[in-house]
Amino acid sequence: GETEQDRAVRAACAAAPSGILIGGQERGIDPRQLFAVYGPEWYDLETAGAASWRWTASPGRLFIFAPQRQAVTLTSTPIALYDQQAANGFGERGTMRVSAAGGPIAELPVQTGQPFTVALDLQPGWNAISLELLAGNVRPVDLDPATGDVRLLSFALGPVDVQE
């Protein structure tokens, strides 16, 4: 039987290219190489000038395929972070919990515009990595009806890069 993770990975892979960088470069699916895709919680890529980012609800999952057991680092830069104390609902600081199937890996202080890096020990096959902003989620329309944005959002990240 197909698991929820199998269905999510299949759906995410169908939406290629993944947009997640491996060592700074886009990479296609090859069972001999590291590959990563965004989970279904992530929204489409948004851009403004040279900047690009994706929004997600918490937790947002990344699925990383590893041909063998290996250590990697995941790096990204928060562009926006939900903060219920901030005037418009989005602040500059938060705490990101990173988890894998085995449980929590790290809780990191994060700040908009500042890259964060987390070390991951990948198992052979697909690895589900969850990124969760502890502040939770919000619908922008609930903060300001004029936005008309009914998406459930927690944070936006710039490009995600997995380094071998």
Side-chain angles (χ1 to χ4, degrees), residues 2-22 26 35-48 51-66 72-120 122 125-162:
E2 189 176 53
T3 67
E4 178 197 353
Q5 180 170 319
D6 292 337
R7 282 190 296 279
V9 168
R10 187 169 36 77
C13 288
S18 77
I20 296 178
L21 305 175
I22 305 294
E26 287 269 350
F35 180 73
V37 293
Y38 289 96
E41 307 82 12
W42 294 83
Y43 293 97
D44 291 341
L45 184 69
E46 297 180 37
T47 60
S52 64
W53 62 92
R54 286 180 191 263
W55 281 100
T56 187
S58 277
R61 292 176 295 171
L62 303 172
F63 295 102
I64 304 174
F65 177 83
V72 299
T73 57
L74 181 149
T75 302
S76 189
T77 302
I79 305 301
L81 300 165
Y82 171 57
D83 178 355
Q84 66 185 99
Q85 306 302 324
N88 69 351
F90 292 93
E92 295 183 8
R93 298 179 191 282
T95 301
M96 186 78 66
R97 178 182 295 141
V98 182
S99 304
I105 295 170
E107 283 193 9
L108 309 167
V110 291
Q111 181 175 339
T112 57
Q114 300 296 316
F116 69 88
T117 298
V118 63
L120 304 172
L122 302 178
W126 286 102
N127 296 263
I129 308 299
S130 293
L131 303 175
E132 177 184 8
L133 186 66
L134 297 187
N137 298 301
V138 68
R139 292 183 333 144
V141 71
D142 294 338
L143 300 172
D144 178 3
T147 68
D149 190 345
V150 298
R151 298 177 297 173
L152 190 62
L153 304 177
S154 182
F155 59 92
L157 293 181
V160 173
D161 194 2
V162 177

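Here the side chains of Y38 and L62 are in contact, with some heavy-atom distance below 4.5 Å. In this structure the side chain of E107 reaches within 4.5 angstrom of the side chain of L134, judged on heavy atoms. With contacts defined as side-chain heavy-atom distances shorter than 4.5 Å, the pair W53/Y43 does not qualify. Contact of the N88 side chain with the D144 side chain is not registered, since no non-hydrogen atoms from C-beta on lie closer than 4.5 Å. Between T56 and L157, every side-chain heavy-atom pair lies at or beyond the 4.5 Å cut-off. Here the side chains of D83 and R93 are not in contact, with every heavy-atom distance at 4.5 Å or above.
Of all non-hydrogen atoms in L131 and S58, the two that sit nearest each other are O-OG, 4.3 Å. Between T75 and T117, the shortest heavy-atom distance links the atoms OG1-OG1, 3.0 Å. When all heavy atoms are compared, the tightest approach of W42 to R61 is NE1-O, 2.9 Å.
Summarising the geometry, atom CG belonging to L120 is positioned 8.5 Å from atom CG belonging to N127; distances are rounded to the nearest 0.5 Å. Interatomic distance, CZ of R151 versus CZ of R139, reported as 12.5 Å (0.5 Å rounding).
Annotation for Q111: atom CD counts as buried by contact number, over 12 foreign heavy atoms lying within 6.0 Å.
When the ring-ring contact (aromatic ring centres under 6.0 Å, His included) test is applied to F116, no partner is found at least two apart in sequence or on another chain. In this structure Y82 satisfies the ring-ring contact (aromatic ring centres under 6.0 Å, His included) test with no other residue, sequence neighbours excluded.
Using a 3.5 Å distance cut-off with no hydrogens or angles, the side chains of S52 and T47 do not pair a donor with an acceptor.
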